[in-house]
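Chain naming here is simple, since letters A, B, ... match the order of the sequence lines and numbering starts at 1 in each.
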Amino acid sequence: MEYELENSIIDKMQPEFPEAAFTIKKARRVEVKMSSDKLYNFAVRMQKKWNFLHLSAISCVDWLQDNEFELIYHFWNYDEKVLVMAKIRIPREEESHFETISNLWQPAKFFERDIHEMFGVYFDGSEDMERFILTEWHGPPPMRKDFITREYALNFFHYREYDPEWLKDMTAAGEANE
Amino acid sequence: MSKIDEVRDYELFIGPNHPGIEGNFSLKLKLLGDKIVGAKTDAGYLHRGFEKLMEERLFIQNIAIVCRICVPDPDPNENNYSRAIEEIAGIEVPERAKWIRTLVLELSRLASHLFAIGGHAATTGLYAFPNWTIADRDRILELFEELTGGRVYHIYQLPGGVRRDFPDGFEGRVLDVMDYIESRLQDYDDLAINNALFIKRATGIGVLTKEQAVSWGVTGPNLRACGVAADVRKDDPYEIYEKLEFDIPTMTDGDAYARMIVRRKEIEQSISIVRQIIDKIPSGLVWNKIPNPLKWNVAAGDAYVRTESSKGEYAYYMVSDGGRKPYRVHVRGASTTHAVHVLENLLVGTRIEDASQVMFSLDGCPPAVDR
């Protein structure tokens, strides 16, 4: 049977999360969509029961049209060699909130901190939500889709006239292109 | 109480410009005498906003961006990025291109490992060793220059294959370089790896247990140095790794010395992989034509692709909304765990002279942390 391993994983998980929608994307990639309030319980079972010990990453996608953020948790199982992507959607607000899983996985600390910084999603219960990369940034979270880099730059910075003496001479002599 | 007794612990900043720091990266250490009691990493000096930039560029334009995410080991980025598009758009890659990609990935791993073991030995005072390994790495960069036109950034792997085939006689020159590097391994062992000074400095430094390593998200050579035989090339095979024979070297000590040994053994494995590829590579096309890249609407979808880079698991999560530009590209560099939380945890309890060594032994890559 094709995707035997992936189907066995789904058969294990489906009874505990009957509302979650499982799909097999390809070999060793299982996708599951669930409501956001189920995610923490799912993560606990992933780690403690189903042996998905490696949290590979947490990705965030800004769906501006739906006014939602999508969080994708990538879990990897070292024994069965399967990656499960748990996808949830949370409302997109000025500062969205979601619960942390950093008490379960230490790497989640970095990913959550990164998402907070870039998308403005605050993870309640995380020890460290300080800025990491953009320590001197005062604008809105830059990875949001409604943050237009060029527009922000034009509003925030100003063009300055640059007309030094040495360039005037060159322009007059026809050596520099305006 | 006199003034001197009040000043018990103090803070010390190392970096961002410091010979004991990899790249532009900084550490804020809290010290008690010369013992580190607290550490905080401070990144952001290399933040170029690539993830945002990629959303503003055509799919094809981003290939010149992704390789810059990790400077010493750029090819896993190109490979991940191309494979993600191929998976979303359903593009087939010719067999020969897959072999060439694997060759490029392994050469890149070799170059990066030579850099890493040299840098690690230098942090213990063996300054001759990095001069040797970097000079030897240059021979691999020359191969890259011949094949791709670029020494460091190759911009070589595209959706659908690779940019060009081998030049005439290239296979022979690859084998010559492999023979040369293999002949140097004994010298490496004599100078650094079996050097009593290095063994004394590196043993027992930055010890990770198996359980810690797994729960802290450690991957790659750092994880294998703790006794976990996990490797994306074996566990989640991509390109043609399933058709190749190679071992996964492991150690059980989990200290800086074990990490050095794992990298040293992986160099041998990579040489063997390169030889197998040159021996068995099939002939044929190297690139399947893709739609006009300037007007290419990639089908809507998402993909999570993983590569075993020289530093560990390297993954890309790509989302396409059916447009000409990627909707979202999330880069999961191997160093996002190694150079941040793992480093902070391992530094506590070591002495200040070993701070650099712990960092280099984890082989963190600051540009991949910042993106």
**Side-chain ion pair, B/D236 and A/R29, N-O less than 4.0 Å** = yes
**Asked** Can we say A/K25 and B/D302 salt-bridge, meaning some charged N sits less than 4.0 Å from an Asp/Glu carboxylate O?
**Response** yes
Any idea which of [options] has the most non-hydrogen atom pairs under 4.5 angstrom with chain B?
options                       : answer
A/M118, A/M143, A/E136, A/Q47 : A/M143
A/L55, A/T149, A/I72          : A/I72
A/K81, A/K145, A/K26          : A/K145
A/L104, A/V82, A/V61, A/L134  : A/V61

**Message:** Is the terminal nitrogen or CZ of B/K52 (NZ for Lys, CZ for Arg) located under 6.0 angstrom from the six-membered ring centre of A/F147 and within 45° of that ring's axis?
**Reply:** no
**Message:** Is the terminal nitrogen or CZ of B/R328 (NZ for Lys, CZ for Arg) located under 6.0 angstrom from the six-membered ring centre of A/W63 and within 45° of that ring's axis?
**Reply:** no
To the nearest 0.5 angstrom, please state how far the [atom1] atom of [X] sits from the [atom2] atom of [Y].
X      : Y      : atom1 : atom2 : value
B/Y45  : A/T135 : OH    : OG1   : 7.0 Å
A/I148 : B/E56  : CD1   : CD    : 7.0 Å
B/W216 : A/H54  : CH2   : NE2   : 15.5 Å
B/T336 : A/F111 : OG1   : CZ    : 4.0 Å
B/H47  : A/F132 : NE2   : CZ    : 11.5 Å
B/Y316 : A/S59  : OH    : OG    : 12.5 Å

At their closest point, which heavy atom of [X] faces which heavy atom of [Y], and how far apart are they?
X      : Y      : result
A/M85  : B/Y317 : CE-CE1, 3.5 Å
A/A57  : B/H330 : CB-CE1, 4.2 Å
B/V369 : A/I133 : O-CD1, 3.8 Å
B/S215 : A/P107 : O-CD, 3.3 Å
B/K40  : A/D128 : NZ-OD2, 3.0 Å
A/L64  : B/Y327 : N-OH, 3.7 Å

**Request:** Sort A/I58 into side chain, backbone, both or neither according to what part of it lies under 4.5 angstrom from a heavy atom of chain B.
**Result:** backbone
**Asked** Side chain, backbone, both or neither: which part of A/R144 has a non-hydrogen atom closer than 4.5 Å to chain B?
**Response** backbone
**Message:** Tell me whether B/K210 at atom NZ has more than 12 heavy atoms from other residues, nucleotides or ligands lying less than 6.0 Å away.
**Reply:** no
**Request:** Kindly check if the number of other-residue, nucleotide or ligand heavy atoms within 6.0 Å of CD (A/E95) is above 12?
**Result:** yes
**Prompt:** Highest number of heavy-atom pairs under 4.5 Å with chain A: which of B/V319, B/V228, B/D42, B/D235?
**Reply:** B/D235
**Asked** Any idea which of B/A315, B/A303, B/P237 has the most non-hydrogen atom pairs under 4.5 angstrom with chain A?
**Response** B/P237
**Message:** Pair B/E55, A/D62 - check side chain to side chain contact (heavy atoms under 4.5 Å, CB included), show working.
**Reply:** CA-CA 12 Å; B/E55 293 173 6; A/D62 180 6; over 6 Å; no
**Item:** side chain to side chain contact (heavy atoms under 4.5 Å, CB included) evaluation trace for B/E313 with A/W76
**Value:** CA-CA 11 Å; B/E313 179 197 14; A/W76 175 255; 5.6 Å; no
**Prompt:** Mind checking whether B/Y304 and A/H74 have parallel, tilted or perpendicular rings, split at 30° and 60°?
**Reply:** parallel
**Fill in**
Which of B/V342, B/V218, B/N345 passes side chain to side chain contact (heavy atoms under 4.5 Å, CB included) with A/Q106? Answer is B/N345
**Engaged part of B/V329 at the chain A interface, taking heavy atoms whose separation is under 4.5 Å** = neither
**Request:** Let me know if B/R371 has heavy atoms under 4.5 Å from chain A in its side chain, its backbone, both or neither.
**Result:** side chain
**Prompt:** Do any N or O atoms from the side chain of B/H341 and from the backbone of A/F110 form a donor-acceptor pair under 3.5 angstrom?
**Reply:** yes
